[in-house]
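Worth saying up front: this structure is predicted, and the values here are computed from it rather than measured. Positions are given from 1 along the sequence.
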Amino acid sequence: MFNASTGINPNSGLLANASATNTINNGLPRSSYSEAIDGARAGQPFNDEYYAGISSKYVGTLTFGRQRSLGTDTMLLYDPAGGGYAFSYIGYNGTMAGGGDTEDSRWDDALKYRLAYGPVHFGAIYKFADGSAGCYSASATWTAANCTPEAAHNNAYGFDLGGNYGKIFGDLVFQHYNQAISVLNPCWGLRVCRRPISRPPTASIQTPSMGPI
């Protein structure tokens, strides 16, 4: 089996590209933003899914490639709009599907297993580490010469267990993503946290400039 799918912005007709809003709004005050979106689709030719695998009615389905996380799969099952960009908040913002980080609603280099037995279904997924982890230096005046390259450890895993009884359906999903990308801590903006927030130092961390992933 094989699948290659992509998403198109219905307003522009272009490939879905959440990252492009960073450049569109660069230098503008928030009140002047023309659009703002965050997500795992960054203008890739196949920004939704791109995978291949094998499937059996008796032993389940095993696939490898760029795939939706189990959280995304589950959210789409319960979304009457099917995650459509123009009509669905789930399709527009994948925060819940990504386990709290909308960029992680789709995983690259992921191995996914699915099995359904009667009214019960089970899923497991593992994402292999990929990309670059940048480099680290304890010096505040680091350069490329004294910055030590770091190995990427952005692997991830997740599980899904669900079933139905008549017209009652339920799913329980667990996901863990190392080096997860997050652009918002709700405590910073809403000021509802009871404990002081300690932001991690970033001055000595260098991440190379990269194109869409």
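Applying the side-chain hydrogen bond (donor to acceptor under 3.5 Å, both in side chains) rule to T63 yields the partners Q67; only residues at least two apart in sequence or on another chain are considered.
At distances below 3.5 Å, not a single donor-acceptor pair connects side-chain atoms of S69 with backbone N or O atoms of R106. T74 contributes a side-chain N or O that, together with a main-chain N or O of L70, makes up a donor-acceptor pair within less than 3.5 Å. In terms of modelled atom types and a separation under 3.5 Å, the side chain of Q175 and the main chain of G71 share a donor-acceptor contact. Within the 3.5 Å criterion, the main-chain N or O of D48 finds no donor-acceptor partner in the side chain of S5.
Its side chain outside the 4.5 Å cluster rule for every partner, L14 clusters with none of the Ile, Leu, Val, Met, Phe, Trp and Tyr residues.
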Identify each donor-acceptor pair in which a side-chain atom of residues 111-119 lies under 3.5 Å from a protein atom, sequence neighbours left out, and give them as a table.
residue : atom : partner : partner atom : Å
K112    : NZ   : R68     : O            : 2.9
K112    : NZ   : D73     : OD2          : 2.6
Y113    : OH   : V59     : O            : 2.5
R114    : NH1  : D160    : OD2          : 2.9
R114    : NH2  : D73     : OD2          : 3.2

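A side-chain donor-acceptor contact under 3.5 Å links N178 and N155. Counting only N and O atoms by type, the side chains of H121 and D171 include a donor and acceptor under 3.5 Å apart.
For an aromatic pair to be called close, the ring centres must be under 6.0 Å apart, and Y177 with W107 satisfies this.
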Q. What's the verdict on ring pair (Phe, Tyr, Trp, His ring centres under 6.0 Å) for F2 and Y50, showing C-alpha distance, side-chain angles and the deciding distance?
A. CA-CA 8 Å; F2 175 82; Y50 187 72; 5.8 Å; yes

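Partner of R66 under the side chain to side chain donor-acceptor pair (under 3.5 Å) criterion, chosen from N47, D109, D108: D108.
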